[in-house]
Every structure is written in C-alpha cells, then in structure tokens.
Asks: 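Below is a structure I'd like to ask you about.
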Number of protein chains: 2
Amino acid sequence: MHICMDWRSVKFDWNRARAFLVTAEEGSLSAAARALGQAQPTLGRQVSALEDELGLALFERNRRGLTLTPAGLDLLEHVRRMGDAATRVSLAAAGQSQQIEGDICLTASDIYAAYLLPPIIARIRRAHPGIRVEIRATNDLADLRRREADIAIRNTRPEDPALIARKLRDDTARLYATPGYLATLPTPLTEETLKQAKFVGWDHGPTYREQLAHIGLHLEAENFPLITADHVVQWQLVKQGLAIGIVPSALGDSDPSVQRVLPDMPPITFPIWLASHRDLATSRRIRTVFDLLAESLSHA
Amino acid sequence: MHICMDWRSVKFDWNRARAFLVTAEEGSLSAAARALGQAQPTLGRQVSALEDELGLALFERNRRGLTLTPAGLDLLEHVRRMGDAATRVSLAAAGQSQQIEGDICLTASDIYAAYLLPPIIARIRRAHPGIRVEIRATNDLADLRRREADIAIRNTRPEDPALIARKLRDDTARLYATPGYLATLPTPLTEETLKQAKFVGWDHGPTYREQLAHIGLHLEAENFPLITADHVVQWQLVKQGLAIGIVPSALGDSDPSVQRVLPDMPPITFPIWLASHRDLATSRRIRTVFDLLAESLSHA
DNA sequence: GCCAGTCCATGCAAATATGCATAACAGAGA
DNA sequence: TCTCTGTTATGCATATTTGCATGGACTGGC
C-alpha cells in the first residue's frame, strides 16, 4: 500500500460513470434505463451530474436523442474498460459465492427452454427452493463471457477456452407431421415422393437443406414455403398440419397428434453440451445447478 | 453495439465497489472515509451493502478493525483493475476539459513549495481567479501516473514516458551559515578548515556527502550532527546559527541573516524540471498553469 | 394530416443514503 | 490501572436520490 495514496482520481461518482457507459452503449437514456432497471429520468440526471462533475459535455442533446461528443467518445473508451473490470468483479464474486440461495440464469434454445427445461427446473426448485431461476430462451448463443447467462445448454461444442463444457449425450431429431397432413401426400411415402411435400425451414439459407441432405433427403428451396427461426413456432405449425418439420424425438414422440414421417429413416443427431464460465465453477449454487442439469439431461 | 446486451454483470452498485477498494487499500473504514471525504458509517454501510449484494463476506469484522477474507482478497484484485480504469477515466476527463476554472494540484519539494512557489501562485491566481491551486509539498516524488498531482516541479529528469517534461534551467545551491556561527570556526576559512565545521544533513546515508564531494568538500559522518529530510527545517536550523547548510542560492542570498560560506566555491547545480501527465496536456487549464510555471521559473 | 411510438425534460412525493453524535471496544503507554 | 487514540456499530434527523406522472417534440406509417 502506498504511504499516502490519495484517491482524487477515484473520487468521482462511479455509478454515474456506469450510467454514462450504458447510455452510450444502448444509444439512449430510455434504453439504458430499461437495461439497468432504473427510470429514465434517473439516468438522465446521472449523466448530467457526471458532465457537471467532469466539467465536460459528453452528449449532444438533440431533439431526437443523444449523440456522443468527441470528448464523450474519448471517455467512453476508458469507461468501457471500467465496465469490463466490473464484469470481472461480478464474475469473481459469483464464483466465490458459496450460498445456495440466489439467482441463476440459464440459456437454451427456445424449444429446449420450452419443452425440455421446465420439468428439470421443477426438480431444481424442489431440491433448492432458495434458488431463483431465470430462463433466457434464445437461439443465438448467449455470451457467457459477458455473463449474459450463468449456464448454457447448447447443441454445438463450446470452443471458448474461458468456458468449462461437458458433453452430456447425443440427442436425435426426426421428421414429424400430423396424420392429416401425411394423407395429402402420394403413397407409398418414400424419400423420393417426399420431394413433393412441404417443410418448415429455419432460415432462407442452405444450411437446413444441407442438414437434411445428411440423412439422405435432398430437397429444393420450393420445399420450404414456411420459414421461421423459432422452433416453438415451427413445432406449432407442424401440429397444425401445415407441413413436415424436424422436431426433437422426445418431443415428437410424446405428442399423439403427430407421427414420424418415414419411421425407418435414420434420425438427425446432435450433441447436448452444458457450458459455464470457468470463474463461476467455484460457486456452490452454480455448481449445484450445473450438476443437476447434467444429471437430468444426460439420460434421455 | 450488441443486439441485446444485458448489463446483469454491471448492475451492481459501482460506488460500493469503490468503497470496498478504498477500504481494503487504506486498511480501515475510518481511513477510507478520510481519504474519500465521506463519513465512516457511510463507508461501513456501503461495504456491508456490497457484501449483501454479492452474497459474500469480504471482511472479517474484528473489534479492532477489518481483515480481508480470502474471497475479499480475490475480489480486491479485480476491483483494483476497476480503480485503475477509473483513474484513467479521470485523467482523460481532466485532459478533455477546456475550462479554465477548476482545481489544479501542484507538487514540489518542501522548500520550493515554501519559498519559490508562493509568488508564482499569486501570479496564477491574479491571472486566473477561477483556478484553485492545491500545493503538495513533499520530497518523495508524487506519482503523476496515479494523478497524485497534475504538475510536478522536480530536480531530477522525469523518466516516465507517460509524462511530458520540460527542463527549465539549472538552479544552484550554496553553503550558507550565520555570521555568528562562522565566527566559531577557525580562520581563515578554507576547504580544509571547514572539516571542523558542523553541517545539516539530509539523511543517514552517504548521498549527501557525495554531493558535497562533487564540489571539492570531503567530509565525514561526524560533520553531520543534525539530520533532517525536511529542507525547510534545515533552512531554519541554518538561520538559527546551528550549522552550515546547503540552501538554494536565491533563498540564501535573499536573507540578510545568513551569508555564503567560502563565496568563491563553485555552487552545486541541479536542474529544474516541470512534468505533467501526457493525457493532461490537452487540458486548457493545466496547459495554462504549466506554461505560466515554466515562464515564471525559467528565468532565475 | 393524424396517430402511434419514440425520445428527453421537469415537478413532486416517497424511498434511500448520508452525516452527526455517540456508544462500545481494543491496544499502547504512563 | 487509567487515559488516550484508534477502531467499528447504531440511532436519528436531514439531504439526496429515485421513480412516477406528466408535458413537449420529433419520426414514420397510413
């Protein structure tokens, strides 16, 4: 420790710096307020107070919002570093926490979150009522480095070395449709006649078709009149009898309103991975949930 | 900007992190409160609140003070990074400031601060009444990187590349004593007979004697019955007629109560440097004071 | 041209944090 | 042993900050 360290440079209100950071990153006071769970006037006043404190205009106030001044832009760079350090503080703190009680945030693809996770969440809640679980259902990979979630369930191998990951098992998905829809197709149904059927697709690109080509189904763009990146919507469309869709076997088989298309066709297989930030692994709560998830998910 | 960045990891109260940092660095809540200009209960409550927020014990509360827990120690490391970033924010902000009004902190050796600086400060205040000047009189080099001061007057060449430095001129110091004291010495006074005189020294080490050896005066430890690192005290001892001391020529010559010892002896010379942090050079206020100091100090 | 949706600024009441005064306690030194 | 200086904790009155409910201004779509 320094003999007589003075904290002149550290005396300014750090929360105001945070307000500035989030406002600048989010682009508006209102958005920042939403992100931070505070009121918009609060953020506005905090930013103004910071400007007064530093004697510096950080934003230019237009009618239509705020734009950073050059000074603000320069400062933002430094405040970002502060934010990064804050993230690491938070990570380390969560990792140190040995309490079972507290919040935990899981992320999974929408369909896993909707149909696979709920019974497991119930089990977690039963075992540890002190844990509050937040579920982030999204198909883009949440950034665990930035702590957008504590634990992620993914279907690809996480490559980030900052993460610890465990492969649980391989899951399978198959083609499903309602009997009503299948009746509209030519019989007998083969991989060849299936080319006249309609499918629900992921996206407009070719990746989905390539996936299907893997299991011997060569389709064209015309086969995909319905496109949605949301798997739950996909599943509901299939249940409505509008098209054939790829659905996780566990979900498809458990619903009597649909049946497998070409039951003898090999399924699509994909891995189930569980991932968490390395620094969080020391947290008792996160460890507990991680293990419970692993245990629950690994046997199909 | 990320599509839907969430600020979960940034939501915790940053001021509490600051409270923790300063408390840990200063060693006690009271010291931290003093350093931060807040009340001790405030710091205590902020730290407690942080502990609650993180669900983590950071300090062990003894009756006699606080000691970091292992978790606190681990966290401190990360919070330090936040503090460093905060320092840089402050530096950048100060550098961006184009206001003349505001605070500025100078540092100089005690004797320069006491006898050289005041008239120059008066000049600064006359020219720019909006500037408030704080003077940090200390003989250890203030750390400009940590912004313990904005501008430093030093007698050695600043080597830190983060600083901008300007050599103003060489200053001289000579041996002074009161006529009364000199009368007690053998006559005629020569470099040889001077070996029987007493001197005021800096420290117990040999550096002071080496300085004197440079100008042809070879003395022993016995010549230094008075030791003080404080030059102002040194000067007062000389004026009391207790011993011979090295005093900046400007100061010694201006005081009729003392006179040069061996007037023909070459003076000790040392440079006067002005230094400031590179990031601060863009500040109009600091630039202004820097230039004023340079102008005032460069002609003897 | 109007309407819905977005943004920021301001007034005011309620919640929150702060500072002061004080208590209780531990060690150093006379 | 007693004082003196240092620490942290607590009660309470006061400042400060916050959130809610507005108002005003702009954009884009119909």
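Predicted model only: the values in this text are computed from it and were never measured. Every chain is numbered from 1 and lettered A, B, ... according to where its sequence line falls, protein lines coming before strand lines.
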Asks: Looking at residues 36-45 of chain B, who's got a heavy atom less than 4.0 Å off DNA chain C?
Replies: B:Gln38, B:Ala39, B:Pro41, B:Thr42, B:Arg45

Asks: Please list, chain by chain and in numerical order, all residues satisfying side chain to side chain donor-acceptor pair (under 3.5 Å) with B:Ser90, sequence neighbours excluded.
Replies: B:Arg147

Asks: A:Leu29 has an atom CG; how far is it from atom P of D:dG24, in whole Å?
Replies: 20 Å

Asks: Rounded to the Å, how far apart are B:Leu50 CG and C:dA17 P?
Replies: 13 Å

Asks: Test of understanding: with ring pair (Phe, Tyr, Trp, His ring centres under 6.0 Å), list the residues that count as partners of A:His277, not counting sequence neighbours.
Replies: none

Asks: What is the separation between atom CD on B:Gln46 and atom C1' on D:dT8, rounded to the nearest whole Å?
Replies: 16 Å

Asks: B:Asn15 CG to C:dT16 C1': how many Å, rounded?
Replies: 14 Å

Asks: With sequence neighbours excluded, give me every ring pair (Phe, Tyr, Trp, His ring centres under 6.0 Å) pair touching residues 18-55 of chain A.
Replies: A:Phe20-A:Phe59

Asks: Suppose we screen for side chain to side chain contact (heavy atoms under 4.5 Å, CB included). Which residues come up paired with B:Arg34, at least two apart in sequence or across chains?
Replies: B:Ser30, B:Ala31

Asks: Quickly work out the B:Trp14 CH2 to D:dT17 C1' distance and round it to whole Å.
Replies: 19 Å

Asks: What is the distance from CZ of B:Phe59 to P of D:dA9, rounded to the nearest Å?
Replies: 11 Å

Asks: Using atom CZ of B:Arg34 as one end and atom P of C:dG19 as the other, report the distance to the nearest whole Å.
Replies: 15 Å

Asks: Looking at five pairs on each end of the helix from C:dG1-D:dC30 to C:dA30-D:dT1, what is the angle between the two axes, given to 10 degrees?
Replies: 30°

Asks: Parallel, tilted or perpendicular: which one describes the rings of A:Tyr115 and A:Trp235, with boundaries at 30° and 60°?
Replies: perpendicular

Asks: In whole Å, what is the span from the CG atom of A:Leu66 to the C1' atom of C:dA9?
Replies: 11 Å

